[in-house]
Protein chains: 2
Amino acid sequence: MPQPPKRATVHDIAAAAGVSRGTVSRVLNGGYVSAEARAAIEAAILEVGYVPNTAARTLKMRRSQAVGFVALEPHSLFLDDPNIGAIMLGANAALSLADHQMVSLVVESARDMERVGRYLSGGFVDGAIVVSARTHDPIIRVISDLRLPAAFVGHPPDLERTIPYVGIDNQGSARAVTARLAATGRRRIGMIAAALDRDSGIDRLAGFRAALGATFDPELVAEVPHYDYGSGVKGMRLLLERDPAIDGVFAASDAIAAGALETLREAGRTVPGDVGLVGFDDSTWAVRTQPQLSTVHQPAKEIGAVAAQLILRQLSGEQPTPAGQLLPTPVIWRDSA
Amino acid sequence: MPQPPKRATVHDIAAAAGVSRGTVSRVLNGGYVSAEARAAIEAAILEVGYVPNTAARTLKMRRSQAVGFVALEPHSLFLDDPNIGAIMLGANAALSLADHQMVSLVVESARDMERVGRYLSGGFVDGAIVVSARTHDPIIRVISDLRLPAAFVGHPPDLERTIPYVGIDNQGSARAVTARLAATGRRRIGMIAAALDRDSGIDRLAGFRAALGATFDPELVAEVPHYDYGSGVKGMRLLLERDPAIDGVFAASDAIAAGALETLREAGRTVPGDVGLVGFDDSTWAVRTQPQLSTVHQPAKEIGAVAAQLILRQLSGEQPTPAGQLLPTPVIWRDSA
DNA sequence: TTGAAAGCGATACCAT
DNA sequence: ATGGTATCGCTTTCAA
């Protein structure tokens, strides 16, 4: 095992400049140091080609200036969920402003889960943003055992009431779009409900049900596993089978809506003529379909930014307010309903 | 600034078990230690709730067991480029097997660029996978100055001939599909060429041109900035304007092809009847359009895996072979051409 | 203002 | 087999 090449240290600078390491550290960080000493040291830094060793700094300071970003989606998150990327970008921008490095960690296997747990606990990060955690995810334990500053995106698992979170009002928005579908004269309104193992999926279904009240018919809910196009195709077929007279559909995501739209077209139904269709996410899907989708806007970047603030605030000493905050989700009415 | 809570150390374990730190380290890592000492230490570990401090370990070992993943795409990479995600997943899987943590770093601003440079040089990672680097990207300097083990995805910048890389034969595949378009009787073949500021874009155009030889007509090349849907729409409009009789189109990506397809439909052209259309990437786009796209398959996961191997090999002492390797890209013939 | 020295947490060498 | 000690690179008292 070859060692990496030896690199210049504070010690080397001190030797080259003829001062002590303390003085070098003072010019590096800031503190009282004479003009001549400063000049000599700055020259020495260039001369020896100094590169600070952040790992050593982290050890001493107990601060890495890095924040982990962990998405616990069920597989290949980056491939189809458009929100994750935007949330990452939002979080990164906010952390960047505060001079913190965001490092994102992929969790695909049990092995990953364990390794990431070790990574988070090893001092490589000062905090962690966790997306789509479920109660039994081991990461949760690591975070709460270590009291690692953290923020959840989406409802936190019930067990964990001490970690702040940020999310959207899934239930409220679902209720709003469903009500509008009803208000525009749709009588047989169905839903393609996905991801019922996580809060976003559960809440969207709850909102749909609440909006319909007594007229809610469980037959008109097609349950599918994921928020993707293929699930939309499957879900819509199911719905058409169960009730050919269906005239309104709330799809739990834009990708699902796109799949449903294609299926409706194949079945000879027009949208919004025969069937009113609403999606969720306001992703690129929504404007690429024909007709363009009415949908619920998710402020993904802001969500990321708020999550970052939640971490930053804890790092600067504030108590983690166990409460969460829900960001507004305007409904965008386009052409599909 | 509150310090993180104090955590148990090897020292604490040693005290609790009544042995020296050396012995504790031996049970932690492996070495000669008596059964009774081992038992006492293992009990002590649980008792004090020991969590290893990886930062300290990194400092001592000069190894972090982490590898950086840096994508230098022009903005919001995760949002529309389907390949990046798959490459990441492939790299992560390979690194995971070798018990290395992949940490991916977003670069969106100049500030990000600088901070990521510091991060890479600070000892937080043992190596770095770099996607889509351009010659002037500061990261390149950091890596080569530090001799940080690295691997490029895509052609490395010309200046840098010492870093191994992995990619695909963009030029060869472009030539193959274009030739086929010609072989099936298309006479007026155009291309929507994107990302001409990077090798993938340049090479695909070069392949197209080579295949056509003397019949190449620069008028039939529409240049667009990105590999996205919107660019496909714009590019196709341009092409139709320049030559309404166009009967073959090679799109530099599936997203572009999808945009072109929609535009052709709006212009009243049938595919593949009036116009033969080929994409690139074999992404989900390709199977969602109607008709499904003929396209070039990119083995994104393998690319990630090979990049990871390239790093791992250097970490275990092999000299970085400056050569690169190109992975095969089968052409998938579906319905659009 | 500066230097000397202690210490962050872990590992490895050298005696014993 | 085990304990003591030096060391990784950096920051931070404490004196001078």
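Residue numbers start from 1 in every chain, and the chains themselves are labelled A, B, ... in the order their sequence lines are given, proteins ahead of strands. Not measured: the values here are computed from a predicted model.
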Under 4.0 Å from OP1 or OP2 of [N]: is there any side-chain N or O of [X] that close?
X: B:R62; N: D:dG9; result: yes
X: B:Y32; N: D:dG3; result: no
X: B:N53; N: C:dC8; result: no

For atom [atom1] of [X] and atom [atom2] of [N], their distance in whole Å:
X: A:I45; N: D:dC10; atom1: CD1; atom2: C1'; result: 13 Å
X: A:D12; N: D:dG9; atom1: CG; atom2: P; result: 9 Å
X: B:N29; N: C:dA10; atom1: CG; atom2: P; result: 11 Å
X: B:R21; N: C:dG9; atom1: CZ; atom2: P; result: 11 Å
X: A:R7; N: D:dC8; atom1: CZ; atom2: P; result: 15 Å
X: A:H11; N: D:dT11; atom1: NE2; atom2: C1'; result: 16 Å
X: B:I13; N: D:dG3; atom1: CD1; atom2: C1'; result: 16 Å
X: A:F124; N: C:dA10; atom1: CZ; atom2: P; result: 12 Å

Could you please name the option among [options] that lies closest to any side-chain atom of [X]?
X: A:S34; options: D:dG4, C:dT2, D:dC8; result: C:dT2
X: B:T23; options: D:dT2, C:dG3, D:dC8; result: D:dT2
X: B:T9; options: D:dT2, D:dT11, C:dG9; result: C:dG9
X: A:M61; options: D:dC8, D:dT5, D:dT12; result: D:dT12

Sidechain N-carboxylate O distance under 4.0 Å for B:D99, A:R111: yes
By nearest heavy atom, map B:R26 and B:K60 onto DNA chain D; which one lands nearer the 5' end? B:R26
Pairwise 5' ranking along DNA chain D for A:P52 and B:G22, keeping only the more 5' one: B:G22
Do A:V125 and A:Y119 have side chains that approach each other closer than 4.5 Å (heavy atoms only, starting at C-beta)? yes
Compare all side-chain heavy atoms of B:V103 with those of A:L105 and state whether any distance is below 4.5 angstrom. yes
Nearest non-hydrogen partners of B:F124 and B:S64, listed with the distance: O-OG, 3.1 Å
Can you name the nearest heavy-atom pair linking B:P149 to B:Q314, along with the distance? CA-OE1, 3.4 Å
Is [X] touching bases, backbone alone, or none of the nucleic acid, heavy atoms closer than 4.0 Å?
X: B:A55; answer: nothing
X: A:S25; answer: base
X: A:V24; answer: nothing

